[in-house]
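Encoded as structure tokens, the structure appears first; notes follow it.
Convention: sequence-line order gives letters A, B, ...; per-chain numbering from 1.
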Protein chains: 2
Amino acid sequence: MNSQELKKAGLKITLPRMKVLQVLEKSTPHHLSAEDVYKILMEEGNDVALATVYRVLTQFEEAGLIRRHNFEGGHAVFEMEQGEHHDHLVCVKCRQVTEFMDEGIEERQIEIAKNADFVITDHSLTIYGICHRCRDNVFKQD
Amino acid sequence: MNSQELKKAGLKITLPRMKVLQVLEKSTPHHLSAEDVYKILMEEGNDVALATVYRVLTQFEEAGLIRRHNFEGGHAVFEMEQGEHHDHLVCVKCRQVTEFMDEGIEERQIEIAKNADFVITDHSLTIYGICHRCRDNVFKQD
DNA sequence: GTCCGTGCAAAGGATTTGCATAATC
DNA sequence: GATTATGCAAATCCTTTGCACGGAC
């Protein structure tokens, strides 16, 4: 139930918040921009102002319910917090995002930060490239 | 001589381009935003329009002379292309950027992309945190 | 009923663009 | 002298904010 998560986060249960949360959960592990969320809500007939989507997403991020990523290319994308950290493979053609996690890399990062006398607050590793589907379909439009 | 680099990149030698290039080279390996470059030029008495700075930076990036990074927090930063790849430690307090490079991590990334049947075009690893100076100076303003 | 949340429209910051002028080759 | 670059201002994109109204508790 979504209302549980909202309450736990100290946020009042409102329709816009419930709806935005549903959209994000439904599309896990996809990565949606504020605009994406807004469009999906519109298509579903749930009229929520874009400004509200932004506000709600920001609140969710502060509450630790979701995560914001600033990949290259302008707009931020959001995904449900999945408990465990992971990194991303982003296809520069179709924009599809795949997740991965590598213990070795994680350990090395901690090591590097320690050596630099640096307290890690966050880290993001993103590999940009062309996914196998886009490579196979060079002549088609995805 | 900067004009060499510009010519090699197929760009006409103009004052704004020379000046922007000088600023970037002078501050290597610092990371400057378009606004930063603009302000430095202004302080030096070199009046270049902000729009021109953006245009020139974009051209330099396309020519492979410089590199653009979109760290978290809004605006892009640029640095001279230094031939060899490296990653970044970004202090979330003072915004200072430190560079590092780890062979083990690089190899793991290639491995991961291979397993995902993904052709790497680029990759960026950024560790966000608090540098030792900011940690020591918690009560002062940097 | 009080307080917080929402919608709307306007503001905001970073970056881009159209157009006339000015510079390079 | 032809073509490309620049300056300026306006436009654009993504995101945030002020304010009056509506809804949650």
Side-chain angles (χ1 to χ4, degrees), chain A residues 1-23 31-42 44-63 65-78 95, chain B residues 1-23 31-42 44-63 65-78 95:
Chain A
M1 209 53 284
N2 291 321
S3 41
Q4 304 297 311
E5 307 182 50
L6 290 178
K7 243 178 213 155
K8 207 163 49 185
L11 295 169
K12 277 189 186 169
I13 287 90
T14 67
L15 217 60
R17 284 179 185 156
M18 297 282 277
K19 291 298 176 191
V20 170
L21 200 49
Q22 277 169 25
V23 167
H31 300 68
L32 304 177
S33 67
E35 189 83 35
D36 291 335
V37 172
Y38 174 69
K39 281 188 189 144
I40 291 171
L41 289 174
M42 282 314 197
E44 294 177 353
N46 295 309
D47 283 31
V48 178
L50 182 56
T52 301
V53 173
Y54 274 104
R55 266 187 294 236
V56 169
L57 287 172
T58 304
Q59 291 159 352
F60 286 0
E61 192 199 0
E62 284 167 357
L65 290 175
I66 66 177
R67 221 155 204 296
R68 177 197 299 253
H69 302 289
N70 289 298
F71 297 141
E72 307 282 320
H75 58 302
V77 294
F78 300 82
R95 285 271 124 197
Chain B
M1 209 57 276
N2 291 320
S3 41
Q4 304 297 312
E5 307 182 49
L6 289 178
K7 244 179 212 156
K8 206 164 50 185
L11 294 169
K12 278 188 185 166
I13 286 88
T14 67
L15 217 61
R17 284 180 184 154
M18 297 281 279
K19 290 299 176 191
V20 170
L21 200 50
Q22 276 170 23
V23 168
H31 297 69
L32 305 177
S33 67
E35 189 82 35
D36 291 336
V37 173
Y38 174 70
K39 280 187 189 145
I40 291 171
L41 289 174
M42 281 315 197
E44 295 177 352
N46 296 308
D47 282 31
V48 177
L50 182 54
T52 302
V53 173
Y54 274 104
R55 266 187 295 234
V56 168
L57 288 172
T58 304
Q59 292 159 351
F60 286 1
E61 192 200 2
E62 286 167 356
L65 290 175
I66 64 176
R67 225 157 200 294
R68 176 197 300 253
H69 302 289
N70 289 298
F71 297 140
E72 308 280 323
H75 58 300
V77 294
F78 301 82
R95 288 269 123 197

Rounded at 0.5 Å granularity, tell me how far CG in Asp47(B) sits from OG1 in Thr52(B).
11.0 Å
So Leu15(A), base contact, sugar-phosphate only, or nothing? Heavy-atom distance under 4.0 Å.
nothing
Among the nucleotides dT6(C), dT15(C), dG7(C), which one has an atom lying closest to any side-chain atom of Val56(A)?
dT6(C)
Donor-acceptor contact present, side-chain Arg17(A) to main-chain Lys12(A), <3.5 Å
yes
What integer distance in Å separates Leu50(B):CG from dC8(D):C1'?
12 Å
Rounded to the Å, how far apart are Arg55(B) CZ and dA9(D) C1'?
12 Å
Can you identify which nucleotide, out of dG7(C), dG23(D), dA5(D), has its nearest atom closest to the Thr14(B) side chain?
dA5(D)
Between P of dT15(D) and CG of Leu32(A), the distance in whole Å:
13 Å
Nearest whole Å is fine: how far is dG13(C) C1' from Lys39(B) NZ?
12 Å
To the nearest angstrom, how far is Leu57(B) atom CG from dT15(C) atom C1'?
11 Å
Can you tell me which nucleotide in dG7(D), dC14(D), dC25(D) comes closest to the side chain of Lys12(A)?
dC25(D)
Whole angstrom is fine here: how far is it from NE2 in His75(A) over to P in dT15(C)?
16 Å
Which part of the nucleic acid does Arg17(B) contact within heavy-atom distance under 4.0 Å: base, sugar-phosphate only, or nothing?
sugar-phosphate
Per atom distances to the Tyr54(A) side chain, the nearest of dT15(D), dT3(D), dA9(D) is dT15(D)
Are Asp36(B) and Phe78(B) close enough, and set up right, to give a side chain to side chain contact (heavy atoms under 4.5 Å, CB included), and what steps lead you there?
CA-CA 10 Å; Asp36(B) 291 336; Phe78(B) 301 82; over 6 Å; no
Does Phe78(B) or Thr52(A) map to a spot on DNA chain C nearer the 5' end, using the closest nucleotide for each?
Thr52(A)
Starting at atom CG of Asp47(B), determine the distance to atom P of dG7(D), rounded to an integer number of angstrom.
8 Å
Could you measure the distance from the NE2 atom of His75(A) to the CG atom of Leu32(A)? Nearest 0.5 Å is fine.
10.0 Å
Of all the choices, dC25(D), dC8(C), dT6(C), which nucleotide is nearest to the side chain of Ala51(A) once you look at every atom?
dC8(C)
Roughly, in whole Å, what's the span from OH in Tyr38(A) to P in dT15(D)?
14 Å
Along DNA chain C (nearest heavy atom to each residue), the more 5'-positioned of Leu11(A) and Ala76(B)
Leu11(A)
For residues Asn70(B) and Phe71(A), determine if any side-chain heavy atom of one lies less than 4.5 Å from a side-chain heavy atom of the other.
no
Val48(B), nearest nucleotide to its side chain (from dG7(D), dT3(D), dT17(D))
dG7(D)
